[in-house]
Asks: 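Structure incoming, see below.
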Amino acid sequence: MKSIKLNPDLRFNKSGFSKPVDNSNYQSYSEREIWIDFKEGSDSALSYIYRNYANHLFNYGCQINNDEELVRDCIQDLFIDIIRNRKNLANVNVIKFYLFTSLRRKILRKLQKQRNHPTEDINYQNEARFEIISSPEALMINEQLSEEKCRLIDFACQKLTVKQREAVLLYFYEGFSYKQVAEIMDMGKVKSARILIYRALDVLEIALNKVKDQLFLLLLLFANSFL
Amino acid sequence: MRDLLRDEFFIKMVNNPNADTKHYWKRWLERHPERQEDFELAKQAIQSIKYKESKRLLESDYDGIFAKIRAFKKLQDEKESNIILSKKGKLYPSMVWAAAVILFLITFSFSVVYFISEKIPDDLSLHEVLIEKNIPFGAKNTITLADGSVVRLNSGSQLIFPKQFSPDIRTVELKGEAFFDVAKDENRPFTIKTGEVSTQVLGTSFNIRYYDDEENIEVALVSGIVRINDNQGNETLLKPLEMAVYSKNAKTIEKKDFNARLVTSWKDNILVFEKASIQQITDKLERWYNVKIKIDLDSPIIGLYSGEFKDEPLDVVLDGIGYASGFQYYIDDKFVTIKN
């Protein structure tokens, strides 16, 4: 196997499904194949997985719990676990999904041990988790969505619960499906994830409709000034 | 706007656009021009949302964790190689134990329906219930067998398998192409019958191909071990990265190297061409997309084409190849005409 040069400056890619930046032969492989390679002991598959997901995992872990050292330990444990058990791992199509699910469980278990708290308590007791910001900088196109409009979305997001915010970020930002969100957040049924996300989206939609009205108003004003 | 925000496929188009999503949403906008504003607004809202506080590992932590992980893996690898050494003396212990991917490509130029109808009763006890799964052209499907083995079937394939495997042997019969992920069971070898050739494994992953209109039988092994028998009593063992090519005319097996990407990528919906002639390309596309392609050229296209398409619709693929090879094409439902 070809060894891959580490690239710590890997862009914090929004989709998270980005292919490696270097020219390794993994460019053309599916995640499922890379995972199978990893299970067979390939070092470059391990490199690929770490390089692509270590920072995503760290960010996600820190949203669950802001003890950075604990999150780093959990990430290391997670990788050691999958290396130790690699031969018995199930095949996966989306590596990030597997890693997120495992990391979340690991962090919650560790917190539970540390503090003797029931799981749900730890996860949602602190309001300052999974905070969302709507930023015009993140837009790739010429921003029709001005700062004012982003502020409306921001304001709407503040009305969401921690659990809703986590689900919305997993769904919008990380690009997971409802089914995956349900599994990552340990919700049992896909329906629960759907309901949770639908409710959050309804709040967002109200904000977006306001934006729409504003755009319309602006257009009217603009038209009037020519009359 | 609700419908868009709730639509996973819409989110996919925003975060991770590919030809399929682009194509779909372009059509959608054509059908719903009044939704243009909603569309843009929903798209921008999704793009604008991010973590308020995005964290990254410090470079030193990033390198430190990776160093520890790699050190652990090195130790683990050494431990495993010791186990394999201590077991030496048995038949291929490392290979038997290794998680394996076997690739197995089979192509026939003759009609082999005869073999299928005749052979099944020999190898599977008659009281077992046989299931026949047919995959039409243009489709792919994944099925799970009674022992937990998973089979990915390519377009135009047929798999015949028992509802329950017998206690001492697992046998299936394939026509077409399939990638097998065989559940490990050393007491029950898994045999795949493909016409005159049968392939036996203990617990691995492999690919089989058996189309009526093709010439050779090819078995390509990515890792693990595979035993191939023909009906003349010849036996061939394949090592990883070897491919066996069986000629039905000459009744001989020849070993050679192969390109794993070219042979296995179909199971992940990746269409790969490597120095393919126009005839080879159209043959593959016909099966992949379930279309009929007519080549109507004034002057023949001599060049060979290499390229790769993941999850792309036919027009995107034809655009790509057409651009490189210099042809035009017309699609009329299931019929494609290629012109200069």
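To find a chain, count down the sequence lines: A is the first, B the second, and so on, and within it residues start at 1.
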Asks: Which residue pairs pass the salt bridge (Lys or Arg N to Asp or Glu O under 4.0 Å) test when at least one of the two sits in residues 191-206 of chain A, sequence neighbours left out?
Replies: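 Every pair satisfying salt bridge (Lys or Arg N to Asp or Glu O under 4.0 Å) with a residue in residues 191-206 of chain A: D202(A)-R2(B), D202(A)-R6(B), E205(A)-R2(B).
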
Asks: Going through the distances and angles, do K96(A) and E174(A) end up as a salt bridge (charged side-chain N to carboxylate O under 4.0 Å, His left out)?
Replies: CA-CA 9 Å; K96(A) 186 167 108 169; E174(A) 304 287 359; 2.7 Å; yes

Asks: At a heavy-atom separation under 4.5 Å, does I132(A) approach chain B through its side chain, its backbone, both, or neither?
Replies: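 Interface part for I132(A): both.
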
Asks: Between D268(B) and K310(B), is the closest basic N to carboxylate O distance under 4.0 Å?
Replies: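 Result for this pair is no, no salt bridge flagged.
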
Asks: Given that the side chain runs from C-beta out, which part of K73(B) has a heavy atom under 4.5 Å from chain A: side chain, backbone, both or neither?
Replies: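 Contact with chain A involves both backbone and side-chain atoms of K73(B).
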
Asks: Quick one: what part of R86(A) sits under 4.5 Å from any heavy atom of chain B, side chain, backbone, both or neither?
Replies: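 Interface part for R86(A): side chain.
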
Asks: Answer with side chain, backbone, both or neither: which region of R72(A) has an atom nearer than 4.5 Å to a non-hydrogen atom of chain B?
Replies: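 Both backbone and side chain.
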
Asks: List the residues meeting side-chain hydrogen bond (donor to acceptor under 3.5 Å, both in side chains) with D38(B), not counting sequence neighbours, and say none if there are none.
Replies: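 For D38(B) the side-chain hydrogen bond (donor to acceptor under 3.5 Å, both in side chains) partners, ignoring immediate neighbours, are K212(A), R35(B).
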
Asks: Give, as side chain, backbone, both or neither, the part of D311(B) having an atom under 4.5 angstrom from any heavy atom of chain A.
Replies: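 It is neither, since no heavy atom gets under 4.5 Å.
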
Asks: With a 6.0 Å cut-off on ring centres, are W266(B) and F179(B) close enough?
Replies: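 No: the rings miss the under 6.0 Å criterion.
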
Asks: At a 4.5 Å cut-off on heavy atoms, which part of E8(B) comes close to chain A: side chain, backbone, both, or neither?
Replies: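 It is both, since atoms from each part get that close.
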
Asks: So, do Y62(B) and Y50(A) have ring centers that fall under 6.0 Å from each other?
Replies: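 Close enough - the centres of the two rings lie under 6.0 Å apart.
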
Asks: Could you look at I11(B) and say if it's the side chain, the backbone, both or neither that has a heavy atom under 4.5 Å from chain A?
Replies: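 Looking at I11(B), just its side chain touches chain A.
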
Asks: Tell me which of these, L169(A), L201(A), L57(A), has more heavy-atom pairs under 4.5 Å with chain B than the rest.
Replies: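 Ranked by contacts with chain B, first place is L169(A).
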
